[in-house]
Protein chains: 2
Amino acid sequence: MQVTIDVTRHTDASCASRDLAVRCTNCNLRELCLPQGMAQDEVQKINGLVTTRRRVKKGESLQHAGEPFKSLYAVRSGSFKTCIATEDGRDQVTGFKMSGEIIGLDGIGTNSHIIDVIALEDSEVCAIPFSRLEEVSREIAGLQKQFHRIMSREIVGEQGVMVLLGSMRAEERVATFLVNLSRRFRARGYSATEFHLRMTREEIGSYLGLKLETVSRVMSRFHDVGLIKINQKHVLILNPEGLQEAASPSTAGH
Amino acid sequence: MQVTIDVTRHTDASCASRDLAVRCTNCNLRELCLPQGMAQDEVQKINGLVTTRRRVKKGESLQHAGEPFKSLYAVRSGSFKTCIATEDGRDQVTGFKMSGEIIGLDGIGTNSHIIDVIALEDSEVCAIPFSRLEEVSREIAGLQKQFHRIMSREIVGEQGVMVLLGSMRAEERVATFLVNLSRRFRARGYSATEFHLRMTREEIGSYLGLKLETVSRVMSRFHDVGLIKINQKHVLILNPEGLQEAASPSTAGH
DNA sequence: CGCTCTCTTGAACAGAATCAAGAACGGTGG
DNA sequence: CCACCGTTCTTGATTCTGTTCAAGAGAGCG
């Protein structure tokens, strides 16, 4: 087959992968990603870890449940949803991944993925071959430590979702979700009060254990009482404290 | 391959702690615990990892949220519940831990625990100092691999709970819970069809995102339709396939 | 421009929560 | 050994939150 178009973009990507841009040292995400908290000289040693970049178009999948596990992925740009499909046909969103976050930890235990990961927009990831990561982290204590931190935080984060799903009412869930997104956008240098939802109401609902109609209704209610301004996927948080309060009611004061 | 483990007589532990029994090599839980899947000679090298045993009486806590993180614990005998207390006073059970399972992974990320762990019965754990574990796992690839497996499985397990909480109805949740317990008892050499619940209805409910009355009602219903026989904390599974079917309905056939 | 997908909103319904009362159990002390 | 107490469990009646069903409005894409 002949490649006739898009040569520029293609070159961009290959350029990136043989050039300096692929190095963690120069990556503007290094404080959010794998190198976070590592010493300067340690980061240099892990430059070689990331061998390839991968582009994933909106709607395409980065990894499929059942595939053999080879690499972790660090989100370089864009965002993803992680889904789990149960034997009985249920399909649930278990998380949303933004830049700097690590994908694929589910595969380590059984050497095959159990989670589907799908791009919510055109995205790019850095592939981290896991066997290399294990090797290098045996040599660099800082990497080992950081990798353990990442896994532990994943565990803690999921416990937070369990609390959300197990004991929060619909309004609290949606408020918690928005507050969480807000924090993550801010951590990435974006506005904490104004952003664009990359996922549909249905995906939000699936993640929060609610139906899409309920998500929509709750957001409309927040809109009506002046907590937020929402128009389709565009969110403007008018009252961050109020939203935080809606997320965990009895948090005394604010 | 079938591994039969005799856990029925864990023997007395005081003898154990000053004697050879503290070594992983001789521990009858080694196929469920940290050494699982490691080579014989590797297991010998990690004998020194477990420095102390700790007894925890029923109702007492093994670790408190907020405490600095020093050690992981492997459950040697007995069982625990893990709870998370949110700022706004909510308190939720996030898991139950049985022999061979590892506790404390939540502390790695922040160097302090965020989870409370409370003994459901008089129990005993092996303390694994984490800094030592990191050191040794830099030397022994098998240990490193196994530790990563354990963390990954924790993540996967929690995703399973997220699906349960996010998309299952009450009956499915309770059935899933019982099937899960049944499997874990069997893996430990106990009966898969007859066992004693160590936790209260309220604790089960908290874990499953249900009220204790609902748990009780669902169990009574299962009893009435002949799936199980339940008398307070004593459970007898009469129809394992039926229970499995109740846990994930549309699982075609059985 | 038309089609589809997504979102909003309303009305009726269902499942689990809440409120309430009594029964069964387990531990304690007489 | 038995009576007593607090805790845990069961069961019923009622309430309420979120779901389901339904219809229409927007937005985005080819």
Side-chain angles (χ1 to χ4, degrees), chain A residues 57-60 81 90-93 118 120-122 164-178 196-225 227-236 246 249, chain B residues 57-60 81 90-93 118 120-122 164-178 196-225 227-236 246 249:
Chain A
K57 287 230 183 70
K58 179 175 177 174
E60 289 182 352
K81 64 171 175 178
R90 254 182 280 254
D91 192 73
Q92 182 169 337
V93 174
I118 293 161
L120 295 174
E121 57 195 308
D122 290 359
L164 179 143
L165 292 171
S167 66
M168 290 189 185
R169 47 182 55 267
E171 297 210 341
E172 296 168 338
R173 295 186 198 193
V174 174
T176 302
F177 173 71
L178 291 173
H196 193 83
L197 298 174
R198 265 66 190 238
M199 61 297 279
T200 66
R201 300 287 187 269
E202 182 165 23
E203 287 161 342
I204 297 172
S206 175
Y207 177 61
L208 297 177
L210 301 170
K211 292 296 155 185
L212 69 97
E213 294 96 327
T214 306
V215 174
S216 179
R217 269 185 253 272
V218 171
M219 285 184 167
S220 297
R221 233 175 292 158
F222 285 167
H223 181 107
D224 294 344
V225 299
L227 281 178
I228 65 176
K229 208 157 169 310
I230 188 156
N231 188 324
Q232 302 285 124
K233 294 209 153 83
H234 183 253
V235 178
L236 179 63
Chain B
K57 286 229 183 74
K58 179 177 178 172
E60 289 181 353
K81 63 172 173 179
R90 254 181 279 253
D91 192 74
Q92 182 169 337
V93 174
I118 293 160
L120 295 173
E121 58 195 307
D122 291 359
L164 178 143
L165 291 171
S167 67
M168 289 190 185
R169 45 184 56 267
E171 297 209 342
E172 295 167 337
R173 296 186 197 193
V174 174
T176 302
F177 173 72
L178 291 173
H196 193 83
L197 299 173
R198 264 66 189 238
M199 62 298 279
T200 67
R201 300 287 188 268
E202 183 165 22
E203 287 160 342
I204 297 172
S206 175
Y207 176 62
L208 297 178
L210 301 170
K211 292 294 154 184
L212 69 98
E213 295 96 325
T214 306
V215 175
S216 180
R217 267 185 254 272
V218 171
M219 284 183 167
S220 297
R221 231 173 296 158
F222 285 167
H223 181 107
D224 293 344
V225 300
L227 281 178
I228 64 176
K229 210 157 169 306
I230 188 156
N231 190 324
Q232 303 284 123
K233 295 208 152 83
H234 183 253
V235 177
L236 179 63

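All chains are named by letter (A, B, ...) in the order of the sequence lines, taking the proteins before the strands, and each is independently numbered beginning at 1. Scope of the values below: all heavy atoms of this structure, side chains included, with no hydrogens, waters or symmetry mates.
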Under 4.0 angstrom, heavy atoms only, what part of the nucleic acid is [X] near: base, sugar-phosphate, or nothing?
{"X": "A:Ser220", "value": "sugar-phosphate"}
{"X": "B:Asn231", "value": "sugar-phosphate"}
{"X": "A:Ser216", "value": "base"}
{"X": "A:Arg217", "value": "base"}
{"X": "A:Leu212", "value": "base"}

Side chains of residues 169-176 of chain A: which donor-acceptor partners sit under 3.5 Å, not counting sequence neighbours?
from: A:Glu171; atom 1: OE2; to: A:Arg221; atom 2: NH1; distance (Å): 2.6
from: A:Glu172; atom 1: OE1; to: A:Arg169; atom 2: N; distance (Å): 2.9
from: A:Glu172; atom 1: OE1; to: B:Arg90; atom 2: NH1; distance (Å): 3.2
from: A:Arg173; atom 1: NE; to: A:Met168; atom 2: O; distance (Å): 2.8
from: A:Arg173; atom 1: NH1; to: A:Leu208; atom 2: O; distance (Å): 2.8
from: A:Arg173; atom 1: NH1; to: A:Gly209; atom 2: O; distance (Å): 3.4
from: A:Arg173; atom 1: NH2; to: A:Leu165; atom 2: O; distance (Å): 3.2
from: A:Arg173; atom 1: NH2; to: A:Met168; atom 2: O; distance (Å): 3.0
from: A:Thr176; atom 1: OG1; to: A:Glu172; atom 2: O; distance (Å): 2.6

query = Is the side chain of A:Asp122 donor-acceptor paired with the backbone N or O of A:Lys58 at a distance under 3.5 Å, no angle test?
reply = yes
inquiry  = Main chain of A:Ser216, side chain of A:Ser220: is a donor-acceptor contact present, judged purely on distance under 3.5 Å?
reply    = yes
remark   = chain B reaches DNA chain C, atoms under 4.0 Å from its heavy atoms, from C:dG15 to C:dC25
ask   = If each of A:Gln232 and A:Gly209 is mapped to the nucleotide of DNA chain D with the nearest heavy atom, which maps nearer the 5' terminus, i.e. the 5' end?
value = A:Gly209
inquiry  = If you define the side chain from C-beta out and look only at heavy atoms, does anything of B:Leu212 sit under 4.5 Å from B:Thr200?
reply    = no
task = Give me the bend of the helix from C:dC1-D:dG30 to C:dG30-D:dC1, using the axes of the five pairs at each end, rounded to 10°.
result = 50°
key: DNA chain D: 5'-most and 3'-most nucleotides touching chain B, 4.0 angstrom heavy-atom criterion   = D:dT8 to D:dA13
ask   = Residues in side chain to side chain donor-acceptor pair (under 3.5 Å) with A:Lys211, at least two apart?
value = none
query = Residues in side chain to side chain donor-acceptor pair (under 3.5 Å) with A:His223, at least two apart?
reply = none
